[in-house]
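Residue numbering restarts at 1 for every chain, and letters A, B, ... go by the order of the sequence lines.
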Amino acid sequence: MTTPVDELRSAVERAAQGASPTLERPKKAHFGDFSTNAALLLAPKLRQPPREVAERLGEQLRDSLGDRIARVEVAGPGFLNLFMSDAWYRDAVGRILRDESFGAGRPERPERVNVEFVSANPTGPLTAAGGRHAAYGDSLARILALAGHTVEREYYFNDAGSQVRKLGESIRARARGEEPPEDGYEGDYVVELAARIAGSADMDVDELARRAVDELVAGIQGTLERYRVRFDTWFREAALHEGDPSPIAHAVDELRAHGHVYESEGAVWLRTTSFGDDKDRVLVRSTGEVTYFGADVAYHLNKLERGFDRLVNVLGADHHGYVGRMKALFSALGADPEVLEVPMMQFVHIVEGGQRASMSKRRGEFVTLDELLDEIGVDATRFFMLQRSHDTTIDLDLDLARQESAENPVYYVQYAHARISSILAKAGDSAPDAGSDGELHPAERVLVLKLLGFPGEVAEAAERRAPHRIASYALELAQDFTAFYRDCKVVGVEPAVESFRLALCVATRRTIARALDLLGVEAPETM
RNA sequence: GCCCCCGUAGCUCAGUGGACAGAGCGGCUGCCUUCUAAGCAGCGGGUCGCAGGUUCGAAUCCUGCCGGGGGCACCA
């Protein structure tokens with residue numbers, strides 16, 4: 001559905017004759033409701049002074065927009081500031097109200113997207129960092145879906161290999177009352193697993209590890225469920241080793257057929273240096289064991305074969321060295337490396353007593369996501385994790401988080417939603433109606449403009465893989481609503497005014513709820 | 001040595017070419033017979049790390065430097 005802003009943009013673009021002008025909301029109200037740099041872009045081409053060009057563009061816009069525009073001003077070096085009429089505002093509210101899917105996008109090329117995230121190995125419970133990955137990946141998936149793409153969420157985990165074996169050894173040692181082996185797992189949960197799994201002291205290590213992995217995966221799934229994150233696919237690494245030919249053998253054959261595989265020193269290598277990597281990578285060790293990379297190669301070939309247009313792989317910043325070789329892999333397979341996108345999540349540092357504490361799953365030093373959820377709840381945790389851009393490091397001071405959780409901006413947004421609900425309840429049978437006459441209050445105009453920005457924010461957040469923009473937007477929308485609430489009484493004023501304000505309330509409530517839903521946060525009716 | 005991310009208010013952070021740089025938290029001062037005070041209003045607070053460059057215009061783009069974090073395995 002085209003929005004009033006889309007139409008305005010088209011009008012400006014037509015006037016700008018092929019240049020790509022901006023249409024944005026100026027920071028200052030006296031610069032208009034919208035402004036465009038069209039004249040500044042056009043002036044050099046026409047070899048005319050920008051302000052003269054602006055005057056002419058203004059005339060054209062006045063003609064093409066008629067009574068939808070109140071006035072046009074030329075300002076500064078040649079900006080064109082547009083002031084919309086109240087009729088335009090009313091029309092906009094009416095259209096938002098009628099648009100059941102307000103905010104949804106229709107991209108030129110909708111994609112089938114696979115978002116792989118968290119993918120923490122089942123060698124321990126999910127940590128606070130896992131909570132960041134989960135919030136980001138899930139929210140991104142929700143945003144991409146609203147933006148018009150088809151999305152699948154996927155979790156890949158190692159249920160085989162040396163780390164899992166080490167887990168088994170650690171549990172057995174605990175069951176026997178011994179210390180875990182060198183490089184083993186030392187967390188308290190290892191002791192708990194030793195107690196929970198009957199016969200763990202004498203069990204075969206691989207069998208024990210298998211049982212522990214089942215337990216831990218179930219625990220991770222429980223935590224994610226509680227965190228409102230659901231995956232469509234749980235992909236086990238072991239599946240890559242099964243069958244004949246196994247997906248790994250298939251992948252190696254495929255790469256060999258493309259001529260990028262060679263053997264040296266008893267190992268099987270992929271010549272990733274042909275595609276910009278620093279060095280070639282081992283697929284199969286001289287011992288015959290498949291490397292982590294080797295398994296991942298097969299995994300990504302498998303994803304490609306499942307027909308996705310785009311593979312988003314959310315990884316921690318410590319994996320950044322991994323990106324080059326994965327891109328090289330795609331080239332080696334004859335696929336477009338651009339298909340693979342790897343948003344790098346920066347770290348979550350736990351701060352205690354003003355100092356950064358270490359976070360090592362192996363040493364058992366970490367804050368689990370469950371602990372965080374117990375302390376400050378799902379909504380506050382998700383909002384906290386999503387407020388910051390994924391490429392900035394987060395400091396999480398537990399004491400502060402606990403103390404400030406009541407001050408979390410998420411409650412401000414939810415509160416606005418609850419207030420609207422309460423207004424609408426009080427309004428009873430009065431019907432919302434955008435109406436056609438009467439002057440609007442400035443706070444009403446500001447709120448309408450903010451609402452109109454929602455579809456653009458969704459599109460922007462999707463394109464940039466930036467859920468935090470939605471968090472910022474939700475907060476700003478709640479602020480604009482609160483200012484409206486302060487200045488404009490809704491229920492009990494003159495009927496025509498009341499029905500317009502009710503329309504504005506309904507549109508706002510729905511948009512807040514939708515924005516919060518994109519963040520995986522609830523929108524309560526009362527607080 | 002090479003590669004990636006960051007450096008904006010006391011703190012945590014938005015702001016990827018536009019007009020006098022924003023929010024939350026914290027500090028100070030006021031405001032509840034009113035549709036929810038989890039709120040509102042006001043005050044205070046900034047050489048946008050530094051130095052050059054591109055541009056009509058730079059927190060934003062380019063180069064160099066400084067500081068913080070991370071990575072450079074036949075580990076995962």
Side-chain angles (χ1 to χ4, degrees), chain A residues 22 24 26-28 30-31 35-37 40 43-44 49-50 75-79 81 121 123 158 161-164 166 183 237 264-269 278-296 316-324 342 344-347 349 351 356 362 384 387-397 400-401 403-404 406-416 418-427 460 464 466 468-469 471-473 475-476 478-479 482-483 485-493 498 501-502 505 526-527:
Chain A
T22 57
E24 56 182 17
K27 288 176 206 156
K28 307 288 174 182
H30 64 270
F31 287 138
S35 75
T36 175
N37 65 352
L40 289 165
F79 289 108
N81 296 335
N121 282 340
T123 52
N158 275 172
S162 62
Q163 293 305 309
V164 170
K166 211 158 273 171
D183 290 338
E237 188 206 341
S264 171
E265 302 162 61
V268 180
W269 299 72
D278 314 341
K279 51 188 98 166
D280 291 340
R281 306 292 171 175
V282 173
L283 295 170
V284 184
R285 281 189 275 267
S286 48
T287 59
E289 275 179 301
V290 178
T291 59
Y292 178 86
F293 179 63
D296 221 16
D318 52 339
H319 286 71
H320 109 85
Y322 203 64
V323 178
V342 188
M344 308 278 352
M345 304 298 294
Q346 293 300 317
F347 287 8
H349 285 123
V351 177
R356 282 182 176 176
R362 217 173 31 69
F384 176 84
Q387 252 185 306
R388 283 83 171 174
S389 158
H390 64 89
D391 54 16
T392 184
T393 352
I394 291 183
D395 282 335
L396 176 59
D397 186 322
L400 214 59
Q403 187 187 318
E404 283 180 1
E407 307 298 327
N408 190 306
V410 74
Y411 298 122
Y412 182 92
V413 181
Q414 293 183 317
Y415 191 58
R419 268 179 164 168
I420 300 173
S421 302
S422 149
I423 291 172
L424 294 177
K426 189 176 176 191
E460 197 83 357
R464 297 191 192 182
H468 76 278
R469 296 185 70 97
S472 297
Y473 175 79
L475 194 56
E476 288 165 14
Q479 281 168 333
T482 304
Y485 172 85
R486 178 194 64 219
D487 294 339
C488 303
K489 188 166 167 52
V490 179
V491 180
V493 295
E498 175 177 303
R501 291 183 177 169
L502 283 174
C505 283
T526 59
M527 282 179 80

For this session: Looking only at side-chain atoms of His320(A), point me to the closest of C74(B), G70(B), A76(B).
Result: G70(B)

Problem set entry | Lys166(A) versus Asp183(A), closest heavy-atom pair with distance | CD-O, 2.9 Å

For this session: Ignoring backbone atoms, test whether Gln346(A) places a side-chain nitrogen or oxygen under 4.0 Å from the OP1 or OP2 oxygen of C4(B).
Result: no

Exercise. Are any side-chain N or O atoms of Asn121(A) and backbone N or O atoms of Asn158(A), one a donor and one an acceptor, separated by less than 3.5 Å?
Worked result: yes

Exercise. When all nucleic acid strands are considered with a 4.0 Å heavy-atom cut-off, which category describes Glu265(A): base, sugar-phosphate, or nothing?
Worked result: base

For this session: Please measure how far the P atom in G42(B) lies from the corresponding atom in C5(B), and state the result in whole Å.
Result: 40 Å

For this session: For Arg469(A) and Arg464(A), work out which heavy atoms get closest and say how close.
Result: NH1-NH1, 3.2 Å

Exercise. What stem regions, each of at least 3 consecutive Watson-Crick or G-U pairs below 3.5 Å, can be found for RNA chain B?
Worked result: B:1-7 with B:66-72, B:10-13 with B:22-25, B:27-31 with B:39-43, B:49-53 with B:61-65

For this session: Answer with yes or no whether Thr291(A) presents, from its side chain, a donor or acceptor under 3.5 Å of a partner atom in the base of C74(B).
Result: no

Problem set entry | Distance in Å, Tyr292(A) OH paired with Arg281(A) CZ, rounded so as to fall on 0.5 Å steps | 14.0 Å

Exercise. Phe293(A) has an atom CZ; how far is it from atom P of A76(B), in whole Å?
Worked result: 13 Å

Exercise. Which value, in whole Å, describes the distance between the P atoms of nucleotides G57(B) and C20(B)?
Worked result: 14 Å

Seminar exercise, completed: Comparing nearest nucleotides in RNA chain B, the 5'-proximal residue of the pair Arg469(A), Phe347(A) is Arg469(A)

Exercise. Starting at CZ of Phe384(A) and ending at P of A14(B), how long is that distance when rounded to a whole Å?
Worked result: 11 Å

Problem set entry | Test item: His390(A) side-chain N/O and Met344(A) main-chain N/O as donor-acceptor pair under 3.5 Å | yes

Exercise. With respect to the phosphate group of C40(B), does any side-chain polar atom (N or O) of Tyr412(A) fall under 4.0 Å of OP1 or OP2?
Worked result: yes

Exercise. Is Ser286(A) touching bases, backbone alone, or none of the nucleic acid, heavy atoms closer than 4.0 Å?
Worked result: base

Exercise. When the distance from CG of Asp391(A) to P of U12(B) is rounded to whole Å, what number comes out?
Worked result: 17 Å

Exercise. Of all the nucleotides listed (A14(B), A76(B), A38(B)), which has the minimum atom distance to the side chain of Met527(A)?
Worked result: A38(B)

For this session: Determine the Euclidean distance between corresponding P atoms of U47(B) and A59(B); express it in Å to zero decimal places.
Result: 14 Å

For this session: Take Ala317(A) and Trp269(A), find for each the nucleotide of RNA chain B with the closest heavy atom, and name the residue whose nucleotide sits nearer the 5' end.
Result: Ala317(A)

Exercise. Looking only at atom types and distance, does a side-chain atom of Trp269(A) sit under 3.5 Å from a main-chain N or O of Ser264(A), one as donor and one as acceptor?
Worked result: yes

Below 3.5 Å between N/O atoms, which protein atoms pair up with nucleotides 17-21 of chain B? Just atom names and distances, please.
{"from": "A19(B)", "atom 1": "OP2", "to": "Lys27(A)", "atom 2": "NZ", "distance (Å)": "3.2"}
{"from": "A19(B)", "atom 1": "N6", "to": "Ser35(A)", "atom 2": "OG", "distance (Å)": "3.3"}
{"from": "A19(B)", "atom 1": "N6", "to": "Asn81(A)", "atom 2": "OD1", "distance (Å)": "3.0"}
{"from": "A19(B)", "atom 1": "N1", "to": "Asn81(A)", "atom 2": "OD1", "distance (Å)": "3.4"}
{"from": "A19(B)", "atom 1": "N1", "to": "Asn81(A)", "atom 2": "ND2", "distance (Å)": "3.3"}
{"from": "C20(B)", "atom 1": "N4", "to": "His30(A)", "atom 2": "NE2", "distance (Å)": "3.0"}

Problem set entry | Donor-acceptor pair (no angle test) under 3.5 Å: His468(A) side chain, C13(B) base | no

Problem set entry | Interatomic distance, Lys279(A) NZ vs C72(B) P [rounded to whole Å] | 9 Å

Seminar exercise, completed: Base orientation of C13(B), chi within 90° of 0 counted as syn, else anti, reads anti

Exercise. If the C1' atom of C6(B) is compared with that of C40(B), how far apart are they to the nearest Å?
Worked result: 36 Å

Exercise. So, the side chain of Thr291(A) versus the backbone of Val282(A): is there a donor-acceptor pair under 3.5 Å, distance only?
Worked result: yes

Problem set entry | Nearest-Å distance once atom P is located in both G46(B) and C11(B) | 12 Å

Problem set entry | Rounded distance in Å between the P positions of C65(B) and G27(B) | 43 Å

Exercise. Tell me: OH of Tyr322(A) to P of C3(B), nearest whole Å?
Worked result: 22 Å

Problem set entry | Any donor-acceptor pair under 3.5 Å from Asn81(A) side chain to Ser35(A) backbone | no

Exercise. When you compare G7(B) with U60(B), how far apart are their C1' atoms, in angstrom units rounded to a whole number?
Worked result: 14 Å

Exercise. Given U12(B), is OP1 or OP2 found less than 4.0 Å from the side-chain N or O atoms of Arg388(A)?
Worked result: no

Seminar exercise, completed: Glu237(A) atom CD is separated from A76(B) atom P, nearest whole Å, by 9 Å

Exercise. Excluding sequence neighbours, so at least two apart, what forms salt bridge (Lys or Arg N to Asp or Glu O under 4.0 Å) with Glu24(A)?
Worked result: none

Exercise. Using a cut-off of 4.0 Å on non-hydrogen atoms, how would the nucleic acid contact of Lys426(A) be classed: base, sugar-phosphate, or nothing?
Worked result: sugar-phosphate

Seminar exercise, completed: note: Leu283(A), atom CG; A76(B), atom P; distance rounded to Å ~ 13 Å

Exercise. Reckon Ser389(A) touches a base, only the sugar-phosphate, or nothing at all at heavy-atom distances under 4.0 Å?
Worked result: sugar-phosphate

Exercise. Taking Glu498(A) for the side chain and Gly492(A) for the main chain, is one N or O donor matched with an acceptor at less than 3.5 Å?
Worked result: yes

Exercise. OP1 or OP2 of A37(B) less than 4.0 angstrom from a side-chain nitrogen or oxygen of Tyr485(A), does that happen here?
Worked result: yes

For this session: In whole angstrom, give the distance that lies between atom CG of Asp395(A) and atom C1' of G69(B).
Result: 10 Å

Problem set entry | Side-chain (Thr22(A)) to main-chain (Thr36(A)) donor-acceptor, under 3.5 angstrom | no

Exercise. Which pair of heavy atoms, one from Cys505(A) and one from Val490(A), lies closest together, and at what distance?
Worked result: SG-CG2, 4.1 Å

Exercise. Closest to the Arg419(A) side chain: C40(B), A37(B), G70(B)?
Worked result: A37(B)

Exercise. For atom C1', what is the distance between G45(B) and A21(B), given to the nearest Å?
Worked result: 14 Å

